[in-house]
**Student:** 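Below is a structure I'd like to ask you about.
Just so it is clear, the model here is predicted, and its values are computed rather than measured. Heads up: numbering here begins at 1 and tracks the sequence.
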Amino acid sequence: MGENSIKSNLAIETSISETKLLVYAKHICLIVEGDEDYKFWQKFIITENVNIIQSYAGKHGVEDIVNQVNHIRAIGVRDKDYCTSVNLERIFFYDRCCMEMMIISANAVYDSLCCEFLSGDPSSKHVEKIHILRELFTLSKLRKYNEEKCRGINFKGLDVYNFVDDRNKLDLSKAKKKLSKLNPNKTLDLTIDDVQELTIDNLLDITNGHDFIGFFKGVCDNYNQRSVDVKHLSSALRVAYNLPLFKDTNLYQSIIKYSENNCLKILL
C-alpha cells in the first residue's frame, strides 16, 4: 500500500469517527468530497443543525463514510461524473457531471464570470458556454469511457489551459501527446465525433468541471496580459452562485424531500 493510500485511509477513519460522534450527539452530518465542496455548502446549510465533514478521499470516500455510519442524520453528496445510480438513499448527486458543472449550468453565473474575467476585450464575451463544451467533448468522452470501462487512465497533470490555442480551440494533438506521456502503457482513442447534434444538456452532463475551468483560463490568458489562476476562477464561481439558483436544482429538491420525510432541518 502506498503512502498516499495510507494517508487517505487514516483520513477516512478520522472522518468516520467524527461523524459517528456527531450523529450520536443528535447532530446532522453532511459528508462531502473535499475543501471546495466544504466552501460551497457553508452558505446553504442551517448551521446550528448541520456539520460538514470532508471525506478526504473523493466520491468513494463519501460513499464509504455514509455506508459505515448507518443513520438518517448522516448523508453524503458526491459528483455524479458518469455514475447513474447509488445503492443508498442517503447519498445524493450534484446536478450535471459535478459540482462545478452544476454551478456553470446557471447562465447568470457564467455571464458573471465572463464579465469579471473577460471584460477587457468586448469580442471575448462571445466565447459561449456551448463552444467550450463542444471543444471539450472528445476529452469528456474519453473520461466517460475510462470510468465506465475501469481503464485506469491517468488525467492528473492534464492542465487543459495549456492546449487552448489563440483561436480558443482545443489543440487535441498536444492534449493527446500529454495524455500519452501520463499513460505510457495505454492506447488512447481521441477520435473526433460530430458534436453539433448534442444539446447543451447532454454536454453539461459529461463535461468535467476542472476541464471546463481550465479551458476558460486558457481563454482568459488569450485576452488578458496577466494570467488567471484556476483556483481564483473556482472561487469566483462559488461566490456568484446563490440560494435562488440552488433551489432550482434537483439536488436541493431531493435533500429537502429527504429532510421532510425524516423530520430533519438541513438546508436553508
**Student:** In terms of side-chain geometry, is the basic nitrogen of K59 or E63 positioned less than 4.0 Å from the acidic oxygen of its partner?
**Tutor:** no
**Student:** Side chain of D205, backbone of N202: donor and acceptor closer than 3.5 Å?
**Tutor:** no
**Student:** Under a 3.5 Å distance rule, please check whether Q253 uses its side chain to pair with a backbone N or O of K247 as donor and acceptor.
**Tutor:**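 Here the side-chain-to-backbone pair exists.
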**Student:** Answer with yes or no whether the hydrophobic clustering places Y241 together with I256; edges join I, L, V, M, F, W, Y residues whose side-chain heavy atoms lie under 4.5 Å apart.
**Tutor:** yes
**Student:** Does K186 have more than 12 heavy atoms from other residues, nucleotides or ligands lying within 6.0 Å of its NZ?
**Tutor:**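 It does: K186 NZ has more than 12 such atoms within range.
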**Student:** Do the side chains of R96 and D201 get close enough for a salt bridge, i.e. N-O under 4.0 angstrom?
**Tutor:**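 Counted as a salt bridge, because a side-chain N and a carboxylate O are separated by less than 4.0 Å.
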**Student:** For a 4.5 angstrom cut-off between non-hydrogen side-chain atoms, does S254 reach F93?
**Tutor:** no
**Student:** Are L190 and F137 co-members of a hydrophobic cluster defined by side-chain heavy atoms under 4.5 Å apart?
**Tutor:**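 Per the 4.5 Å side-chain linkage, F137 and L190 are co-clustered.
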**Student:** Can you check whether I255's main-chain N or O pairs, donor with acceptor, with S259's side chain at less than 3.5 Å?
**Tutor:** yes
**Student:** Can a donor-acceptor pair be found, under 3.5 Å and without considering hydrogens, that links the side chain of N51 to the backbone of H27?
**Tutor:** no
**Student:** Is any side-chain heavy atom of K176 closer than 4.5 Å to a side-chain heavy atom of S173?
**Tutor:**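 No, every pair of side-chain atoms sits at 4.5 Å or beyond.
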**Student:** Tell me, do L113 and L237 make a side-chain contact under 4.5 Å, heavy atoms counted?
**Tutor:** yes
**Student:** Would you check if the distance from the ring center of H210 to the ring center of F155 is below 6.0 Å?
**Tutor:** no
**Student:** Could you check whether D165 pairs with R167 (Lys NZ or Arg NE/NH1/NH2 to Asp/Glu carboxylate O, under 4.0 Å)?
**Tutor:** yes
**Student:** Keeping the roles fixed (side chain from D37, backbone from V32), state whether a donor-acceptor pair exists under 3.5 Å.
**Tutor:** no
**Student:** Donor-acceptor pair, S112 side chain versus A240 backbone, under 3.5 Å?
**Tutor:**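 Not at all, since once roles are kept as given, no pair shorter than 3.5 Å links the two residues.
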**Student:** Examine distances only and state if a side-chain atom of R90 and a backbone atom of A74 form a donor-acceptor pair shorter than 3.5 Å.
**Tutor:**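 The answer is yes, because a donor-acceptor pair under 3.5 Å joins these two groups.
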**Student:** For I12 and A57, work out which heavy atoms get closest and say how close.
**Tutor:**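 It is CD1-CB, 3.4 Å.
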**Student:** Are F40 and F246 close enough that their ring centers fall under 6.0 Å?
**Tutor:** yes
**Student:** Return the minimal non-hydrogen interatomic distance between F212 and M101, and the atom names on each side.
**Tutor:** CB-SD, 3.9 Å
**Student:** Just to verify, which of I153, L188, L158 counts as forming a side chain to side chain contact (heavy atoms under 4.5 Å, CB included) with L182?
**Tutor:**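 Running side chain to side chain contact (heavy atoms under 4.5 Å, CB included) over I153, L188, L158 with L182 returns exactly one hit, L158.
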**Student:** Taking the side chain from D171 and the backbone from F163, do they hold a donor-acceptor pair closer than 3.5 Å?
**Tutor:**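 Checked: no pair found.
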**Student:** If you look at every heavy atom in N183 and N154, which pair is closest and at what distance?
**Tutor:** OD1-N, 2.6 Å
**Student:** Spell out, as yes or no, whether a donor-acceptor pair under 3.5 Å connects the side chain of D79 to the backbone of M99.
**Tutor:** yes
**Student:** I want to check something: taking the side chain as every heavy atom from C-beta on, are E36 and E100 in contact at a cut-off of under 4.5 Å?
**Tutor:**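 When only atoms from C-beta onward are counted, E100 and E36 do touch, with a gap below 4.5 Å.
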**Student:** Using every non-hydrogen atom in the two residues, find where Y110 and I104 come nearest and quote the distance to one decimal.
**Tutor:** CB-O, 4.2 Å
**Student:** Do Y82 and Y145 have ring centres separated by under 6.0 Å?
**Tutor:**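 No, the ring centres sit 6.0 Å or more apart.
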**Student:** For I31 and S55, which heavy atoms make the closest approach, and how far apart are they?
**Tutor:**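 Closest approach of I31 to S55, heavy atoms only: CG2-CB, 4.4 Å.
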**Student:** Is there a side-chain contact between L204 and S105, using heavy atoms and a 4.5 Å cut-off?
**Tutor:** yes
**Student:** Between N224 and R226 (side chain of the first, backbone of the second, donor and acceptor by atom type, cut-off under 3.5 Å), is there such a pair?
**Tutor:**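 Not confirmed, N224 side chain does not pair with R226 backbone.
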**Student:** Show your working on salt bridge (charged side-chain N to carboxylate O under 4.0 Å, His left out) between E148 and K144 and close with a plain yes or no.
**Tutor:** CA-CA 6 Å; E148 291 177 343; K144 184 173 186 290; 2.7 Å; yes
**Student:** When you compare the side chain of C29 with that of V69, does any pair of heavy atoms fall below 4.5 Å?
**Tutor:** no
**Student:** In Å, rounded to the nearest 0.5 Å, how long is the span from CG of N242 to CG of L245?
**Tutor:** 4.0 Å
**Student:** Shared ILVMFWY cluster between I103 and L268, side chains joined below 4.5 angstrom?
**Tutor:** yes
**Student:** On the six-membered ring of Y161, is K217 placed so that its NZ or CZ lies under 6.0 angstrom from the centre and within 45° of the ring axis?
**Tutor:** yes
**Student:** For the pair W41 and F44, name the ring-plane relationship: parallel under 30°, tilted 30 to 60°, perpendicular over 60°.
**Tutor:** perpendicular
**Student:** Under 4.0 Å between a Lys/Arg side-chain N and an Asp/Glu carboxylate O for K169 and E135?
**Tutor:** yes
**Student:** Are any non-hydrogen side-chain atoms of F117 and Y223 less than 4.5 angstrom apart?
**Tutor:**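 In short, these two side chains do not touch, never coming nearer than 4.5 Å.
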**Student:** Decide if atom NE2 of H60 counts as having more than 12 heavy atoms of other residues, nucleotides or ligands within a radius under 6.0 Å.
**Tutor:**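 No, the 6.0 Å shell around NE2 holds no more than 12 heavy atoms from other groups.
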